[in-house]
Amino acid sequence: MTRDTIDILIALDRAVLQSCQSYADYLVALVVDFAVWENRPTGVIDRDKAHWLVTTLSAGEGPTATARRIAFEIAREAEHCDEALLAFAFAKGAAKEIARGAAGRMPRTLLAN
């Protein structure tokens, strides 16, 4: 998995007119696992990763619901997170919207290799 692959998958989510919930769940788990645990430094979203994530997630006409959920879940999962991604993830009203959308859903699981 590379940043380029993640960029393409997020662009695909942004390009489709009708979102698929199972794809969104898969994409969230995949990006969180990559950004937090596979991409060094492990468990840390440093300035470089935060800039890449904010740029990728907010591209086009702005972040999709899935992109906002990705940012929120990364901020929740990481041991340390740069303030740029925290500000993006917890933008006014975004966290509430994510919480409403996740109500009643199964807990997120990490993808196994």
Side-chain angles (χ1 to χ4, degrees):
M1 192 62 57
T2 65
R3 286 185 179 189
D4 290 338
T5 304
I6 298 293
D7 290 343
I8 291 168
L9 294 173
I10 290 171
L12 179 62
D13 175 65
R14 193 173 34 253
V16 297
L17 297 177
Q18 187 173 2
S19 180
C20 172
Q21 188 59 49
S22 60
Y23 178 76
D25 292 344
Y26 171 76
L27 184 60
V28 170
L30 183 74
V31 177
V32 170
D33 188 52
F34 174 78
V36 177
W37 302 116
E38 290 182 26
N39 199 340
R40 304 292 181 246
T42 303
V44 175
I45 303 300
D46 59 14
R47 184 176 308 251
D48 176 56
K49 270 198 257 185
H51 175 62
W52 163 64
L53 286 163
V54 169
T55 301
T56 295
L57 296 172
S58 62
E61 295 179 15
T64 63
T66 304
R68 286 190 296 272
R69 195 169 133 216
I70 289 168
F72 179 79
E73 292 296 332
I74 288 172
R76 190 174 72 124
E77 184 83 17
E79 295 169 10
H80 173 75
C81 192
D82 185 78
E83 62 190 42
L85 185 64
L86 289 174
F88 180 82
F90 296 103
K92 185 177 180 180
K96 289 181 184 178
E97 180 181 324
I98 292 164
R100 274 196 311 270
R105 236 188 257 137
M106 298 289 291
R108 184 181 63 77
T109 58
L110 292 178
L111 300 174
N113 288 343

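Residue numbers start at 1 and run along the sequence shown. Heavy atoms only: backbone and side chains are in, while hydrogens, waters and symmetry mates are out.
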Under 3.5 Å, which donor-acceptor pairs link side chains of residues 3-12 to any protein atom two or more places apart or in another chain?
from, atom 1, to, atom 2, distance (Å)
Arg3, NH1, Asp48, OD2, 3.4
Arg3, NH2, Asp48, OD2, 3.0
Thr5, OG1, Thr2, OG1, 3.1
Asp7, OD1, Trp52, NE1, 2.9
Asp7, OD1, Thr56, OG1, 2.8

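Checked against side-chain contact (heavy atoms from CB on, under 4.5 Å), Ala35 has the following partners two or more places apart in sequence or in another chain: Ile45, Leu53, Ile74. Thr42 pairs by the side-chain contact (heavy atoms from CB on, under 4.5 Å) definition with Trp37, Arg40, not counting sequence neighbours. In this structure, the side-chain contact (heavy atoms from CB on, under 4.5 Å) partners of Asp82, at least two apart in sequence or on a different chain, are Arg47, Ala50, Ala84. With sequence neighbours left out, the side-chain contact (heavy atoms from CB on, under 4.5 Å) criterion links Ala59 to Arg14.
Glu83 contributes atom CD, which lies 13.5 Å from atom CZ of Phe90 (distance to the nearest 0.5 angstrom). Atoms NE2 and CG, from His80 and Asp46 in turn, are 8.0 Å apart once rounded to the nearest 0.5 Å. Atoms OG1 and CG, from Thr64 and Asp13 in turn, are 4.5 Å apart once rounded to the nearest 0.5 Å.
Of all heavy-atom pairs between Ala75 and Leu86, the closest is CB-CD2, 3.7 Å. Of all the heavy atoms in Ala71 and Leu85, the pair that sits closest is CB-CD1, 4.1 Å. Nearest approach of Phe88 to Pro63, heavy atoms of both residues: CZ-CB, 3.8 Å.
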Take Arg69 and Leu57, measure what side-chain contact (heavy atoms from CB on, under 4.5 Å) needs, and give me the verdict at the end.
CA-CA 10 Å; Arg69 195 169 133 216; Leu57 296 172; over 6 Å; no
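Side-chain contact between Leu30 and Glu38: absent, with no pair of heavy atoms (C-beta onward) separated by less than 4.5 Å.
Under the 4.5 Å side-chain heavy-atom criterion for Ile, Leu, Val, Met, Phe, Trp and Tyr, Met1 and Val44 are members of distinct hydrophobic clusters.
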